[in-house]
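Working notes for the structure below.
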Amino acid sequence: MKKSIYTSALALLLTSTLVTSCDDFLEETNRQAISIPSSRENEESFLQLVNYIYEITRDNTTRYAPDMLYVLEDLGTDIVTRASPLTGVDAINDYVDMNASNYVMQVYWANQYKQIAAANTLLANADLIDDVEENLKTRGVGEAKFFRAWSYFNLVENFGGVPVVTEPITTAQSDFTRAEEHEVYELIVSDLNDAINAVDENPEEFGRVSKDAARHLLSKVLLTHGYKSFAASDDYTGAISLAETVIANHPLEPTFADVVDMENQRNDEVIFSFLFGSESSSVGWGNTKHLLYKFEYFNYPGLARGTLYQNGIGRMPTPYFFNMFEDEDTRNEETLRYVMYADVAEEGLEVGDTAIYFPKTAWSQERIDSKPYAVINPDQYLVNDGVTNVHWPMFKKFEDPGAPFVYANERALGDRDMIMMRGAEAYLIAAEAALQNNNAGAAANYLNAVRSRAGITTPLTAGDVDLALILDERARELIGEINRWMDLKRTGTLLSRVLEYNPHAALNSAIAEKHHLRPIPQAEIDASGKTISQNPDY
């Protein structure tokens, strides 16, 4: 007897995407909601449920409000701070009055559970839809478990134990309770192992979850699990084994310039990306990464609000990050823009002239005064110069020339891929796991592969490697790509590195032990009738 399909309100009211295969990458086409009577009639309904998971996950990773985009990933860490002079306070960056009513906590929590709800809808209905080819069904179930695991990993690291929901919620329910942290991890590991067994090794469509995407995420999960009080004895060896498989399948690009080249986005090093494209049917909100770590440059002579340098969204790398690169490290020039050229003729500058220059070592005032353009020394990044409050070498790693100049809450319309996983991080995961497994020599070898690609000629030895070096290497290679806050939390260095390297957080000195977890959103506690408990000291 056939059962009814229970789809969540989100799956019915929001849009889905449908895969077509006229090209060798995942094309996304918006579809309106499907009706209950037709939703179990054919394979297309199954595809819509699968690809809705992709769409909502991409949207939640991309869409932003002024105080929300990625702030629980990088803000308030050792390498990213708020874009303002050394005054005032901020809840997320400075840990001053971080509380259960902070807007971003509610948004982040809700987004993760929306993704989980989409996955649960697919998993509950996979066997109820007619005429779905078995291999397609198996793959779709694996993809759903991959994304569910990813969301629960984000939740458990940010909030600790959270309610574990593995079935669609079809009736009014409020009495949720928090599972123990180790129980959440058990589901994550189970889901990822299932995903590895179910998804394709080499998907025909670029942008679809592969076995290596699941292996990569599981390697990071096991690395993180290895630090826990409930760690398993084989966590680190398991993380290394998975990372080595990924490394073998996703070799490093020859240069770091190749990695960030917009014309080379779909290369062998990429493990998983969210795709966009220029078509209105596929771009959605658009990739927003090109807006990261930029200041109001357009207030300087010769520069305008245009489509070349783009607008920024209010965060900046810390002074520590700017001083992190060795002279021969090519990632410096490929990540940061030290010269900005005029794009309008103004105040004695012609188009193409230098408009702003950021010397890596301080220039004398006499030398600065001799130039017709703005020169900003490293010790002046956080000092108001009468033009902008703060200013720094602009981030160019994710630049998307031609994307429109937009403000917060406007569609960013960036069309470059958003790379979420790549082979270089697999090396860095393996290095950290090897170090934790008392094999510093192996850790050095993994690190040397990444550093050599960046142009660094002097290899590390076992005696050079410690956790601080690995964290610095992750920052140089992966800033803007991975969750830095989770890196610091995992390694037990959040408090020490934030106080040492984040100037605004150090000014307020409010970060405390409780901040290893975020506060559970008060709205969730209230809605549960207080069956969901708050984290300590909030």
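We count residues from 1, following the sequence as given. Predicted model, so just to flag it, every value in this text is computed and none were measured.
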task = For H290 and F398, run ring-ring contact (aromatic ring centres under 6.0 Å, His included): C-alpha distance rounded to whole Å, both residues' side-chain angles, the deciding distance at 0.1 Å, then the answer.
result = CA-CA 5 Å; H290 60 284; F398 304 129; 9.6 Å; no
inquiry  = Whether the D526 and Q522 side chains hold a donor-acceptor pair (N or O, under 3.5 Å, no angle test) is what I'd like checked.
reply    = yes
inquiry  = Regarding K514 and D537, does a basic nitrogen lie under 4.0 Å from an acidic carboxylate oxygen?
reply    = no
Which donor-acceptor pairs under 3.5 Å do the side chains of residues 153-169 make with protein atoms, sequence neighbours left out?
{"unit_1": "N154", "atom_1": "ND2", "unit_2": "Q112", "atom_2": "OE1", "d": "3.4"}
{"unit_1": "N154", "atom_1": "ND2", "unit_2": "W150", "atom_2": "O", "d": "3.4"}
{"unit_1": "E157", "atom_1": "OE2", "unit_2": "Y185", "atom_2": "OH", "d": "2.6"}
{"unit_1": "E157", "atom_1": "OE2", "unit_2": "K228", "atom_2": "NZ", "d": "2.8"}
{"unit_1": "N158", "atom_1": "OD1", "unit_2": "R518", "atom_2": "NE", "d": "3.0"}
{"unit_1": "N158", "atom_1": "ND2", "unit_2": "N154", "atom_2": "O", "d": "2.8"}

ask   = Do N535 and R178 have a side chain donor and acceptor closer than 3.5 Å?
value = yes
ask   = Any luck finding a side-chain donor-acceptor pair between T81 and N502 under 3.5 Å?
value = yes
task = Would you mind reporting whether E432 and T491 have side-chain heavy atoms less than 4.5 Å apart?
result = yes
query = Between Y54 and F272, how do the two ring planes meet: parallel, tilted or perpendicular, split at 30° and 60°?
reply = tilted
key: Residue list, side chain to side chain contact (heavy atoms under 4.5 Å, CB included) with A91, at least two apart or on another chain   = N102
ask   = With a distance cut-off below 6.0 Å to the six-membered ring centre and an angular limit of 45° from the axis, does K294 pair with F395 as a cation-pi contact?
value = no
key: ring-ring contact (aromatic ring centres under 6.0 Å, His included) partners for F176, two or more places apart   = none
query = Are E481 and K289 close enough for a salt bridge, meaning some N to O gap below 4.0 Å?
reply = no
